[in-house]
Amino acid sequence: MCGVLRASDAGKKAVLMGWVNRRRDHGNLLFIDLRDRTGVTQIVFNTERDRTVHEKAETLRNEYVIAAVGTVKLRDANTINPNMPTGEVELVADELRVLNESKLPPFLPSDTALTNEETRLKYRYIDLRRDAMQFNIETRHKVAKAIRDYLSSQGFFEIETPFMTRSTPEGARDYLVPSRVQPGTFYALPQSPQMFKQILMISGFDRYFQIVRCFRDEDLRADRQPEFTQIDLEMTYPQPESVWAVVEGFLTAAFAAAGFEIETPFPRMDYDEAIRLYGIDKPDLRLPPFTDVRDCLSSENLSDLAINPNLPVIAIRIPKVGELSRKERDDIKPMFHSKGGARVYEDFKRIANRYAEAAEKISKKTNMAEGDLIVLVAGSAQASSGEKETAFAPHRKVTPQELAIYTSAGLLRLALAQKYAEQHQCFQKGDFRFLWVTNFPMFEWDEGEKQWMAAHHPFTSPHEQDMKLLEEGVESLHDPLSPLSAVRALAYDVVLNGTELGSGSIRIHRQDVQSRIFRALGMTEEEAKARFGFFLEALEYGTPPHGGIALGLDRIVMILAGAESLREVIPFPKTARAVDLMVDAPTPVSEKQLRELGIVVRKPVGQL
RNA sequence: GGGGACGUAGUUCAGUUGGUUAGAACGCUGCCCUGUCACGGCAGAGGCCGCGGGUUCGAGUCCCGUCGUCCCCGCCA
């Protein structure tokens with residue numbers, strides 16, 4: 001193939017097939033760079049050698065598909081190209097066959113400037129010919145294979161579960177598939193094979209995995225596609241630690257397959273600690289954590305700055321940003337999205353001028369060095385009255401008011417980190433900071449619904465020690481002070497450089513506990529039966545303790561490939577409006593198809 | 001659902017305060033060239049300035065709407 005010939009092949013006959021990557025015409029001497037998946041080799045056509053073949057070669061254009069037969073020749077010392085692996089040799093052509101011509105493509109795979117994404121996606125087959133895309137897709141293959149091999153070696157079976165399954169309208173929206181045989185009914189594409197894999201544990205398969213497509217009908221992001229691939233696994237009789245060991249094992253194999261060595265075991269951090277130190281449940285450990293500098297400010301300072309003294313005062317430190325201009329400092333403000341009365345103090349210099357003593361303490365406590373950027377985030381004194389926050393959720397370590405401050409600061413920290421990535425140099429390729437985030441809360445307060453909701457999913461087992469709180473809380477679903485707030489889940493996330501790679505838990509294996517959770521979530525027994533009856537029934541037939549996890553394959557490959565978007569590692573992705581620009585999907589369907597399915601499409605309002 | 005950025009030649013971009021015939025590079029076409037490798041030289045073709053409306057003597061430029069792509073918030077059990 002085009003990338004394999006070396007000096008040791010000199011003198012051999014060879015046939016190369018591929019695409020014309022570049023043509024350099026010197027009159028009687030013509031060079032063609034021929035490209036395939038493996039690389040590029042230079043082919044030489046010379047009138048001295050064969051006039052007719054050279055003549056034919058002159059008709060070649062970019063992206064023509066050709067076969068060239070010739071002799072591998074060692075290049076003269078002065079014509080060696082050290083920039084390419086095949087640069088010591090070239091193929092001297094004796095024969096040329098044009099296997100196919102090509103229209104002039106809208107862009108060339110060999111172009112140095114990257115074409116806009118719309119055009120790339122429309123002509124994805126051309127885009128995928130580019131080196132970078134070939135590399136990404138190859139990495140994806142290698143990673144998936146390494147994971148399959150590793151899990152197989154650990155006694156896991158890869159077992160398929162249905163794509164056409166039952167809608168369980170909770171959490172993300174389902175993609176629906178209408179049934180023709182049973183008009184008016186719908187299958188749903190799985191958001192995850194969650195219940196199937198648990199039933200496989202009940203079925204005696206002990207260790208299951210699947211590299212499986214999942215579907216969620218929600219708005220897209222750079223790291224979120226409506227269909228995505230998960231490394232899904234489940235095992236019986238696990239401690240969280242045994243699941244983590246499996247994950248660390250296959251990630252080590254996967255990263256090795258991509259040429260990176262990683263350290264295990266990964267560090268672990270409580271959810272509460274993650275919030276307090278990073279303001280987010282998926283901390284990026286490559287940058288310094290927050291410092292609470294409340295005690296560095298005197299009570300006069302606090303009231304002077306209109307800061308709520310009962311809430312943390314967060315110092316965000318971004319290293320090595322250097323002196324900021326007035327304009328750059330002003331630009332920080334719009335990057336701040338305030339939650340729950342949080343305020344930003346972006347001008348640390350001004351604080352230093354006015355409160356020298358406090359600033360001294362702050363820079364000491366944050367380990368501030370020359371050129372580091374310090375931004376403060378604190379609660380606004382006016383915004384909260386103070387009584388509510390002390391009364392709220394006595395069990396919880398982090399109150400909602402504190403959470404608002406931490407979260408606002410966490411978002412700002414990330415925005416600043418991204419903006420000043422050039423300066424702080426903390427985002428270097430190959431720096432992988434993994435983390436297990438553990439002890440998530442079992443329930444989250446939904447302000448809209450005024451009730452507690454499952455934070456992970458309703459099959460997650462609560463902590464053994466928190467069962468009592470759960471029992472006490474069952475009847476106080478709508479009370480923000482419910483003991484439910486303090487129930488911890490046996491759930492864990494694996495995080496890499498601020499990206500959530502995967503999420504898992506030890507599951508509930510007892511039917512009575514499962515029913516109690518459904519009840520705690522406000523589901524009546526009938527509702528639970530109607531939705532999950534088959535599952536509750538299965539739980540009653542000797543269900544072993546079990547647990548597992550699912551990791552996003554796309555995200556892993558994205559990070560390994562150093563890509564900014566999932567679209568770079570998915571061969572045929574969707575745009576932000578969930579459209580496939582190449583095949584132009586989705587589309588309306590014919591009246592006949594709809595009739596067969598018993599479906600009437602209502603025109604959107606204002607479009608008749 | 002909300003906020004922001006962008007849309008000019010096949011591609012990447014420039015286009016001044018609203019003022020003559022909208023430019024460059026790469027790519028493309030033709031000719032020349034025997035050691036290039038992002039080859040080089042000469043000549044040439046190529047534009048609904050996303051689309052629709054408005055302001056104006058005059059709009060790529062200002063205003064309104066609309067479509068598309070990207071990013072973020074909400075959402076993602």
Side-chain angles (χ1 to χ4, degrees), chain A residues 21-34 40-49 54 58 61-63 73 75-84 86-87 90 92 103-123 126 168-174 191-192 194-195 214-226 228 334-339 407-408 411 414-415 418 440 442-444 446-448 452-460 489 491 500 503 505 517-518 521 523 531-532 552 564-565 567 574-577 579 581:
Chain A
N21 197 50
R22 266 213 174 87
R23 186 179 64 135
R24 289 179 294 279
D25 189 349
H26 288 240
N28 288 319
L29 186 67
L30 176 66
F31 300 99
I32 293 289
D33 286 345
L34 199 66
V40 172
T41 298
Q42 173 167 285
I43 304 176
V44 190
F45 296 91
N46 196 328
T47 42
E48 268 174 25
R49 189 155 179 120
H54 176 272
E58 286 195 307
R61 294 295 181 268
N62 282 323
E63 298 308 301
K73 191 191 134 218
R75 296 199 198 180
D76 295 340
N78 58 326
T79 64
I80 285 175
N81 184 349
N83 300 321
M84 53 199 288
T86 62
E90 61 196 1
V92 181
K103 273 182 31 176
L104 177 66
F107 57 98
L108 292 172
S110 56
D111 279 349
T112 37
L114 198 54
T115 302
N116 81 73
E117 222 179 333
E118 217 174 327
T119 313
R120 287 177 57 205
L121 288 175
K122 180 156 185 219
Y123 298 92
I126 312 242
T168 50
E170 207 164 346
R173 276 181 277 261
D174 287 325
Q191 299 176 22
S192 100
Q194 184 60 35
M195 274 183 280
C214 299
F215 307 86
R216 290 179 192 174
D217 187 4
E218 294 295 341
D219 288 352
L220 290 84
R221 287 281 193 290
D223 62 352
R224 265 166 32 194
Q225 282 273 315
F228 57 101
M335 294 163 72
F336 181 70
H337 297 271
S338 173
K339 311 211 184 237
T407 310
S408 305
L411 288 173
L414 291 179
Q418 204 169 19
F440 277 79
M442 185 83 182
F443 301 96
E444 263 167 12
D446 186 324
E447 193 54 45
W452 292 92
M453 310 274 275
H456 190 61
H457 57 60
F459 312 111
T460 299
E500 179 197 317
S503 184
S505 66
I517 294 287
F518 283 145
L521 290 168
M523 243 183 267
R531 259 192 225 177
F532 305 111
E564 295 285 315
S565 155
R567 294 183 300 276
K574 311 266 189 291
T575 69
R577 276 177 62 255
V579 167
L581 290 174

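In what follows, chains are A, B, ... by sequence order, proteins preceding strands, each numbered from 1.
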Show me the protein contacts with nucleotides 30-34 of chain B, counting only N or O atoms at under 3.5 Å.
unit_1	atom_1	unit_2	atom_2	d
B:rG30	OP2	A:Arg61	NH2	3.2
B:rC33	N3	A:Asp25	O	3.0
B:rC33	N3	A:Gly27	N	3.3
B:rC33	N4	A:Asp25	O	3.3
B:rC33	N4	A:Asp25	OD1	3.3
B:rC33	N4	A:Gly27	N	3.3
B:rU34	OP2	A:His26	O	3.1
B:rU34	OP2	A:Asn28	N	3.2
B:rU34	N3	A:Asn46	OD1	3.3
B:rU34	N3	A:Glu48	OE2	3.4
B:rU34	O4	A:Asn46	OD1	3.4
B:rU34	O4	A:Glu48	OE2	2.5

Taking any strand in view, what nucleotide pairs with B:rA24 in a Watson-Crick or G-U wobble way, both distances under 3.5 Å? B:rU12

If the C1' atom of B:rC6 is compared with that of B:rC76, how far apart are they to the nearest Å? 26 Å

Provide, to the nearest angstrom, the distance between the CZ atom belonging to A:Phe336 and the C1' atom belonging to B:rC73. 14 Å

Within the structure shown, what part of the strands sits under 4.0 Å from A:Thr575 by heavy-atom distance: base, sugar-phosphate, or nothing? sugar-phosphate

Starting from P on B:rA38, measure out to CZ on A:Phe107 and report it in whole angstrom. 21 Å

Applying ring pair (Phe, Tyr, Trp, His ring centres under 6.0 Å) to A:Phe336 and not counting sequence neighbours gives none

Under a 3.5 Å cut-off for both contacts, is B:rU29 paired Watson-Crick or G-U wobble with anything, and if yes, with which nucleotide? B:rA43

Compare the aromatic ring of A:Phe31 with the six-membered base ring of B:rU36 and state whether they stack according to the 5.5 Å and 30° rule. yes

What's the gap between B:rU61 and B:rU55 when it is taken at their C1' atoms, as a whole Å value? 14 Å

P spacing across the pair B:rC63 / B:rA25, given as an integer number of angstrom: 32 Å

At 4.0 Å (heavy atoms only), tell me whether A:Leu114 reaches a base, stays on the sugar-phosphate, or touches nothing. sugar-phosphate

Please state whether the phosphate of B:rU12, meaning OP1 or OP2, lies under 4.0 angstrom from any side-chain nitrogen or oxygen of A:Asn116. yes

Regarding B:rC76, can its base be found pairing with the side chain of A:Arg216 as donor and acceptor, where the two atoms are less than 3.5 Å apart? no

Does a distance-only test, which skips hydrogens and angles, find a donor-acceptor pair under 3.5 Å between the side chain of A:Arg75 and the base of B:rU36? yes

Hey, is the side chain of A:Arg577 poking within less than 4.0 Å of OP1 or OP2 on B:rU69, counting only N and O atoms? yes

Would you mind classifying the nucleic acid contact of A:Arg567 as base, sugar-phosphate or nothing, using non-hydrogen atoms under 4.0 angstrom? sugar-phosphate

Using a heavy-atom cut-off of 4.0 Å across all strands, would you classify A:Asn81 as base, sugar-phosphate, or nothing? base

Test item: A:His54 and A:Asn46 side chains (from C-beta on) under 4.5 Å apart, heavy atoms: no

In whole Å, measure the gap between the P atoms of B:rU36 and B:rA43 for me. 24 Å

Roughly how many Å apart are B:rG50 and B:rU11, using the P atom of each and rounding to a whole number? 13 Å

Among A:Val92, A:Leu29, A:Val44, which residue satisfies the side chain to side chain contact (heavy atoms under 4.5 Å, CB included) criterion with A:Arg49? A:Val92

Could you tell me the Watson-Crick or G-U partner of B:rG19, where both distances fall under 3.5 Å? Say none if there is no partner. B:rC57

Nucleotide B:rA45, atom C1' - distance to CG of A:Leu104 in whole Å: 13 Å

Would you measure the distance from the P atom in B:rG3 across to the matching atom in B:rG40 and give it in whole Å? 49 Å

Distance-only donor-acceptor test (3.5 Å): side chain A:Glu118, base B:rG50: no

Determine: side-chain N/O of A:Asn62 to OP1/OP2 of B:rG27, distance under 4.0 Å, yes or no. no

Looking at B:rC70, which nucleotide sits across from it as a Watson-Crick or G-U wobble partner, both distances under 3.5 angstrom, or is there none? B:rG4

Using the C1' atoms only, state how far B:rG2 lies from B:rG60, rounded to an integer number of Å. 30 Å

Categorize A:Thr115 for me: base, sugar-phosphate, or nothing, with a 4.0 angstrom heavy-atom threshold over every strand shown. sugar-phosphate

Pairwise C1' distance for B:rG23 and B:rC49, with rounding to whole Å: 12 Å

Using a 4.0 Å heavy-atom cut-off, does A:Glu90 contact any base of the nucleic acid, only the sugar-phosphate backbone, or nothing at all? base

Side chain A:Asn78 and base B:rG35 donor-acceptor under 3.5 Å: no

Whether A:Arg24 contacts B:rU36 is assessed here as follows: a side-chain N or O lying under 4.0 Å from the phosphate OP1 or OP2. Is that the case? no

Under 4.0 Å between a side-chain N or O of A:Arg22 and OP1 or OP2 of B:rC39? yes

Under 4.0 Å protein heavy-atom contact, by nucleotide of nucleotides 2-8 of chain B - B base, S sugar-phosphate only: -------

Under 4.0 Å between any heavy atoms, over every strand shown, what does A:Lys122 touch: base, sugar-phosphate, or nothing? Just pick one. nothing

Watson-Crick or G-U counterpart of B:rG65, or none if no pair lies under 3.5 Å: B:rC51

Here's a test of your reading of the structure: between A:Arg224 and A:Ser565, which maps to the more 5' nucleotide of RNA chain B? A:Ser565

Answer yes or no: are there more than 12 heavy-atom neighbours, outside A:Glu58 itself, under 6.0 Å from its atom CD? yes

